[in-house]
Amino acid sequence: MEGDPDKEGSDGFRWDSDEEEGPRNIPALACLSPIVPVGEDGAGGGELSDGFHWDSEEEEDEKAPKLPSSSCLYSRDGVGKAVVDPGEASSSAGPSNTKMISEFVVMGFPRERVIKAIEENGESNTEAILETLLTYSALEESPPEQKHAVPNLSSSESAGDIFNEFSDVDSDLGTEENMDPLSEKENTLKLLVDMGYPIYEASIAMDRCGEDASIAEITDFICAAQMAKAADAHLAEPTYSPSSDEEERKPNGICFAPPKNNKRRFFEEEERRRRKREKRFEKKVFDEDGGVLSLPKPMIGFGIPSEPRPIIRRTLPQAAIGPPYFYYENVALAPKGVWQTISSFLYEIMPEFVDSKFFSAAARKRGYVHNLPLENRTPLLPIPPQTIHEALPLTKKFWPHWDGRTKLNCVQTCTASAKLTERIRKALEDYDDEPPLKVQKWVIDECKKWNLVWVGRHKTAPLEPDEIESLLGFPKNHTRGGGICRTERLKGLGNSFQVDTVAYHLSVLKDMFPNGINVLSLFSGIGGAEVALYRLGIPLKNVVSVEISESSRNIFRSWWESTNQKGNLIDINDVHLLDANMLEKLINSTGGFDLIIGGSPCNNISGSNRVSRDGLEGKESSLFFDYFRILNQVKFIMGKS
DNA sequence: AAAACTCGGATACGCAAG
DNA sequence: CTTGCGTATCCGAGTTTT
């Protein structure tokens, strides 16, 4: 079972390299600087890796005046001079962009710091601003100011895993001018960071080496860990056995289970194919260019029902391990760097990218970051129709042979105009069944673009809401009636989970929670997560659901009532209401959450958006940081008790 | 307020050629 | 292995009409 030491691969999917950055779990509920991707295995470092290098830099080129590279804490060559000056620089002349300030303030950062960070980084470099703010919190242990009460971190000695790494750090809530002098540990940490070590690695190393370890011991430890990681990087061999040093592995280590077949030839064949596949995946998921994301092909995540069994195993970082379980979703084809940022905020867990075309008759490419086990998944039954013709039998009769689609494209919130289907009809009416190739091509292009189906001779149509309901795995009429107009139905559906896909991932919870679970559901929409759990037969005890759309809340609640749920549904209309205070009350009254699930708004991330595809900092999509915040707050509060 | 309509970009992939 | 070009995809936004 022992793999070749030099090939042993726990992290087939590393996307960062030997200079990973990515501290996490900082008491302030804020964490860390996102990973700085650099060259692979030290070899590809080259010119690309000089200096700070992630996507924000490219943005600067276009949108912002050039900023000095020192604006970034973790520069590669400049080796992490903390540019943050924790002193009291008076900042009366704040940036003009008050909107930006308030956005950061809403995220929980103190106003003064926001202003300072903006001054340091320039208004347009939001990534760097965020990083600076997080670094303030990391290095100064002053948690972002909460609008309401926040758990008292000074008692974090007893906190759960999430804060253990910094557990001896006192924090003085909200009083910036009243900062305690740095403790010895903090000083050491700061020193290591100044020396250029990633804060995350430094803090882990300090924990491992013990209280009174010397700097030399700690740096030795970090070097050893980095070498181990470099060795891992050579992996490409699927053989991996969990071993005693498992903890030392890259936290996001994911590996392939060893093949069981003993026949040499088959084994070798399998091996070759696997290596190839793995290499491709490894190389491409996040490349050194600052998060260019390339998705696994086929996009089957860590396994789909039609495969005999998942071929992937992974080890999660300690801090990511539940309770609670968490599950975060968003569109797979996000702009550069987005998934990398998401992942770096969520314990560097590799997103599971899945196209729901493997679960239904319609595509839906999504990434899921979660800490659920991967073994023993079971699909929702009955297996839904897998082709357009099975899903929409009435279309078969009119489907021209030259339209070769068997799967629909992604269901979106917008739908084709009647004008378009009219143009299509007219274009086809001039011919019999065999229009010229040019016309065929145009029609098919439009059909694909707008997900049209054939409902009559020469007649195409967009999907009806009830058809979308079943494609997405919802019960018929889930979104119908009760005062919900068609537009709202389509919008709610377009923004939803594909239930079968999510249920497949969540199915592992069934045996763990035979008596039901408590769910914190963020950005619930029309209740895809709950429908999935319900259809899996997992009783819902308490569901706290946050959803801003009134229509969606109504849809969800009427489903809840019509399915005679035994548990309690608490719905909240704004995620910002869910502060530490409220969470603590909810946790006390429910006994804690078993699952925190949600997909934050994608509209600033989705490829369909031509107007405001601003990435994670977009107006709506930045709510991801609330998912992150709430996850950490819940972990903290639950860890306390 | 809901429906209808117009607008049209970032990203990645496959392929051929250097 | 890299570069350039054509192609396919996409949980949308903004404005006008009903």
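Order of the sequence lines sets the chain letters (A, B, ...), proteins ahead of strands, with each chain counted from 1.
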For A/D445 and A/V411, take the nucleotide of DNA chain C holding the closest heavy atom to each; which residue's nucleotide lies nearer the 5' end?
A/D445
Please tell me whether A/Y327 and A/H505 have a donor and an acceptor in their side chains that are separated by less than 3.5 angstrom.
yes
Heavy atoms of A/N409 and A/K448 approach each other most closely as ND2-O, 3.0 Å
Which residue pairs pass the salt bridge (Lys or Arg N to Asp or Glu O under 4.0 Å) test when at least one of the two sits in residues 468-483 of chain A, sequence neighbours left out?
A/E469-A/R489
Taking 4.0 Å as the cut-off, does a side-chain nitrogen or oxygen of A/R486 come that near to OP1 or OP2 on B/dA3?
no
Protein-nucleotide distance (A/E422, atom CD; B/dT6, atom C1'), rounded to Å:
16 Å
Report the distance from atom CZ of A/R489 to atom P of B/dA3, rounded to the nearest whole Å.
11 Å
Output field dot_bracket for DNA chain C (Watson-Crick or G-U, both distances under 3.5 Å, | for other-strand pairs) contains ||||||||||.|||||||
Could you tell me whether A/S356 contacts a base, only the sugar-phosphate backbone, or nothing, with contacts defined as non-hydrogen atoms closer than 4.0 Å?
nothing
Output the rounded distance in Å from CG (A/N604) to P (B/dG9).
18 Å
Describe the nucleic acid contact of A/R364 in one word from base, sugar-phosphate, nothing, applying a heavy-atom distance below 4.0 Å.
base
Ionic contact status for A/R486 with A/E464, cut-off 4.0 Å:
yes
If each of A/C414 and A/E488 is mapped to the nucleotide of DNA chain B with the nearest heavy atom, which maps nearer the 5' terminus, i.e. the 5' end?
A/E488
Out of C/dC11, B/dA3, B/dT11, whichever nucleotide has its closest atom nearest the side chain of A/N330:
C/dC11
Is there a side-chain polar atom (N or O) of A/K297 under 4.0 Å from OP1 or OP2 of B/dG14?
yes
Closest nucleotide among B/dT11, C/dC11, C/dT9 to the A/V331 side chain:
C/dC11
Would one find a side-chain N or O of A/S417 under 4.0 angstrom from OP1 or OP2 of B/dA4?
no
Indicate, with a heavy-atom threshold strictly under 4.0 Å, whether A/K365 touches base, sugar-phosphate, or nothing.
sugar-phosphate
d(CG, A/L420; C1', B/dT6) in whole Å
12 Å
Once you apply a heavy-atom cut-off of 4.0 Å, does A/C410 come out as touching a base, just sugar-phosphate, or nothing?
sugar-phosphate
Rounded distance in Å - CG (A/N495) to C1' (C/dC10):
13 Å
Let me know the distance between CH2 of A/W450 and C1' of C/dT9, rounded to the nearest Å.
13 Å
Applying the ring-ring contact (aromatic ring centres under 6.0 Å, His included) test to A/Y328, which of A/F628, A/Y368, A/F345, A/F624 qualifies?
A/F624
Quick one: is C/dC10 close enough that its OP1 or OP2 comes under 4.0 Å of any side-chain N or O from A/N409?
yes
For the pair made of CD1 in A/I484 and P in B/dA2, what is the distance, rounded to whole Å?
9 Å
Tell me what A/C485 touches on the nucleic acid: a base, only sugar-phosphate, or nothing, going by heavy atoms under 4.0 Å.
sugar-phosphate
At their closest point, which heavy atom of A/L493 faces which heavy atom of A/L472, and how far apart are they?
O-CD1, 3.3 Å
A/W559 and A/F474: CA distance, side-chain angles, deciding distance, ring pair (Phe, Tyr, Trp, His ring centres under 6.0 Å) verdict
CA-CA 10 Å; A/W559 171 81; A/F474 288 92; 8.8 Å; no
DNA chain B nearest-nucleotide lookup for A/A418 and A/R613: closer to the 5′ end is A/A418
Just call it for A/E329: base, sugar-phosphate, or nothing, with non-hydrogen atoms closer than 4.0 Å on any strand.
base
Just checking, any donor-acceptor pair under 3.5 angstrom between side chains of A/S612 and A/N609?
yes
In whole Å, what is the span from the CG atom of A/N609 to the P atom of B/dC7?
17 Å
